[in-house]
Amino acid sequence: EVEKIVKRYPAMIDNARERLGDIFKSEDYPEADLVENLFSFRITYLPVPTSNDFRVDLIGTASMEAIKGSIQDMVEGKVGEANAAILRRMMKALSHLAEKIADDKAIFRDITVDRVKEIADLADKLNLTKDDKITKFAQEMRNLSKVSAEELRNDKKKRTKTAEKAKEIQKALAGAM
C-alpha cells in the first residue's frame with residue numbers, strides 16, 4: 001500500500017496545489033522517499049543483557065572483562081539511541097509549535113498544542129532509564145501546553161510569551177542533544 005501512495009504522491013501534491021491555491025506551501029510536503037521512510041520500521045528483539053551475565057563467568061578473566069565491557073558499551077549505546085530518539089520527537093513538536101505561534105498570520109490547529117503534551121507524556125513513558133533531561137523537558141513541555149490553542153489565538157500577549165518560552169525550551173533541548 002505504501003508503494004501505491006508513493007507512486008501517486010506527486011499527483012496528490014499537484015491536487016493539493018490546485019485545491020489550496022495561494023495558501024499552498026510546497027515545504028509542507030516532504031519528498032516522496034521521505035514519505036516512504038515514514039512508513040518503515042525495524043524491530044529488534046534482544047534480551048537486556050548485563051555485564052554480570054552468567055555466561056560471561058564461564059570464560060577466562062581477560063576475555064570476561066572484554067565481553068563485560070562490550071555488553072556494557074552495547075547497552076549504553078542502545079539506551080543513548082533510544083533517549084536521543086525521544087529528544088528528537090520532543091524537538092520536532094516544540095519546533096512546530098514555536099514556528100506556528102510565533103507567526104501572527106499563521107493558522108494553527110488545536111492539535112499543534114495538544115501534540116506538545118502528547119509527546120511530553122509519551123517521553124515519560126519511553127524514558128526507561130528515568131533520564132533527568134528527558135523528565136525535565138517533558139515537564140516543561142507539559143507546562144507550556146497548559147495554555148489552550150484558543151487562548152493563543154485570542155490573546156496576543158499569551159501567544160508571544162508562549163512562543164518565547166517554546167523557543168527557550170527548544171534552545172535548551174538542542175544543547176542537551
Side-chain angles (χ1 to χ4, degrees), residues 1-43 81-177:
E1 293 298 315
V2 173
E3 292 162 354
K4 291 179 186 175
I5 291 171
V6 171
K7 282 183 181 178
R8 291 186 9 234
Y9 190 65
M12 295 165 82
I13 293 173
D14 290 340
N15 185 351
R17 184 178 286 114
E18 288 177 28
R19 278 186 303 112
L20 298 174
D22 292 343
I23 64 170
F24 176 82
K25 290 183 182 177
S26 61
E27 60 269 13
D28 289 343
Y29 300 87
E31 297 296 320
D33 59 334
L34 179 60
V35 171
E36 184 175 18
N37 289 336
L38 292 173
F39 291 95
S40 66
F41 61 92
R42 179 185 67 210
I43 298 175
E81 288 173 22
N83 287 349
I86 295 168
L87 293 172
R88 283 192 303 273
R89 284 184 178 193
M90 296 169 91
M91 179 63 90
K92 184 176 178 183
L94 274 172
S95 298
H96 184 70
L97 175 70
E99 176 187 321
K100 288 296 184 181
I101 65 174
D103 181 357
D104 290 339
K105 295 175 183 148
I107 297 171
F108 66 95
R109 311 273 180 241
D110 292 1
I111 190 69
T112 304
V113 177
D114 296 343
R115 186 76 178 139
V116 171
K117 183 179 183 312
E118 287 173 11
I119 294 294
D121 292 342
L122 179 64
D124 281 336
K125 290 175 186 168
L126 296 175
N127 187 7
L128 301 178
T129 61
K130 304 300 178 208
D131 183 282
D132 292 337
K133 291 185 298 191
I134 293 172
T135 302
K136 174 185 164 238
F137 289 122
Q139 186 56 51
E140 289 183 18
M141 288 173 69
R142 261 191 297 284
N143 291 342
L144 189 68
S145 65
K146 287 180 181 176
V147 180
S148 72
E150 188 66 30
E151 288 176 285
L152 294 174
R153 282 189 209 100
N154 297 327
D155 187 334
K156 184 168 174 50
K157 194 173 184 178
K158 275 188 184 178
R159 185 172 177 148
T160 301
K161 186 177 178 182
T162 303
E164 288 169 1
K165 183 64 178 169
K167 287 178 184 174
E168 180 184 310
I169 297 169
Q170 188 180 5
K171 184 177 179 181
L173 184 57
M177 292 176 79

D132 atom CG, neighbour heavy-atom count above 12 within 6.0 Å:
no
Looking at every heavy atom in both A176 and L87, which two are closest together, and how far apart are they?
O-CD1, 4.2 Å
Could you pull out all residues at least two apart from K125 that satisfy side-chain hydrogen bond (donor to acceptor under 3.5 Å, both in side chains)?
none
Could you tell me whether R153 and E150 make a salt bridge, using a distance below 4.0 angstrom between a side-chain N and a carboxylate O?
yes
Under a 3.5 Å cutoff, is there a donor and acceptor pairing between the side chains of N127 and T135?
yes
What pairs meet the salt bridge (Lys or Arg N to Asp or Glu O under 4.0 Å) rule with one or both residues in residues 90-104, with sequence neighbours excluded?
D104-K156
Report the residue from K158, K157, K146 that forms a salt bridge (charged side-chain N to carboxylate O under 4.0 Å, His left out) with E151.
K158
So, K167 side chain and A98 main chain: donor-acceptor pair closer than 3.5 Å or not?
no
Note: K117-D121 ion pair, threshold 4.0 Å (strictly below)
yes
What's the spacing between M91 CE and I169 CD1 if we round to 0.5 Å?
11.0 Å
Atom pair CZ/CD1 of R88 and I119 - distance to nearest 0.5 Å
12.5 Å
Can we say K136 and E140 salt-bridge, meaning some charged N sits less than 4.0 Å from an Asp/Glu carboxylate O?
yes
Is any NZ, NE, NH1 or NH2 atom of the basic residue among R115 and E118 found under 4.0 Å from an Asp or Glu carboxylate oxygen of the other?
yes
Option passing side-chain contact (heavy atoms from CB on, under 4.5 Å) with K25 (candidates D28, I23, D22)
D28
With the threshold set at 4.0 Å, does a side-chain nitrogen-carboxylate oxygen contact exist between R142 and D124?
yes
Test of ring centre spacing under 6.0 Å for Y9 and Y29:
no
Taking the side chain as every heavy atom from C-beta outward, state whether E168 and L173 have any pair of such atoms under 4.5 Å apart.
no
From I134 atom CD1 to L126 atom CG, the distance as rounded to the nearest 0.5 Å
8.5 Å
Between F137 and L94, is the side chain to side chain contact (heavy atoms under 4.5 Å, CB included) condition met? List the steps.
CA-CA 10 Å; F137 289 122; L94 274 172; over 6 Å; no
Please report the interatomic distance CG(L152) to CD1(I101), rounded to the nearest 0.5 Å.
5.0 Å
Between T112 (side chain) and R109 (backbone), is there a donor-acceptor pair under 3.5 Å?
yes
Neighbour count >12 (heavy atoms, 6.0 Å) for atom CZ, R17
yes
When rounded to the nearest 0.5 Å, the distance separating CG of L144 from OG1 of T162 is 6.0 Å
Approximate separation, where rounding is to 0.5 Å, of D110 CG and S148 OG
7.5 Å
Do E3 and V6 come close enough that some side-chain heavy atom pair is under 4.5 Å?
no
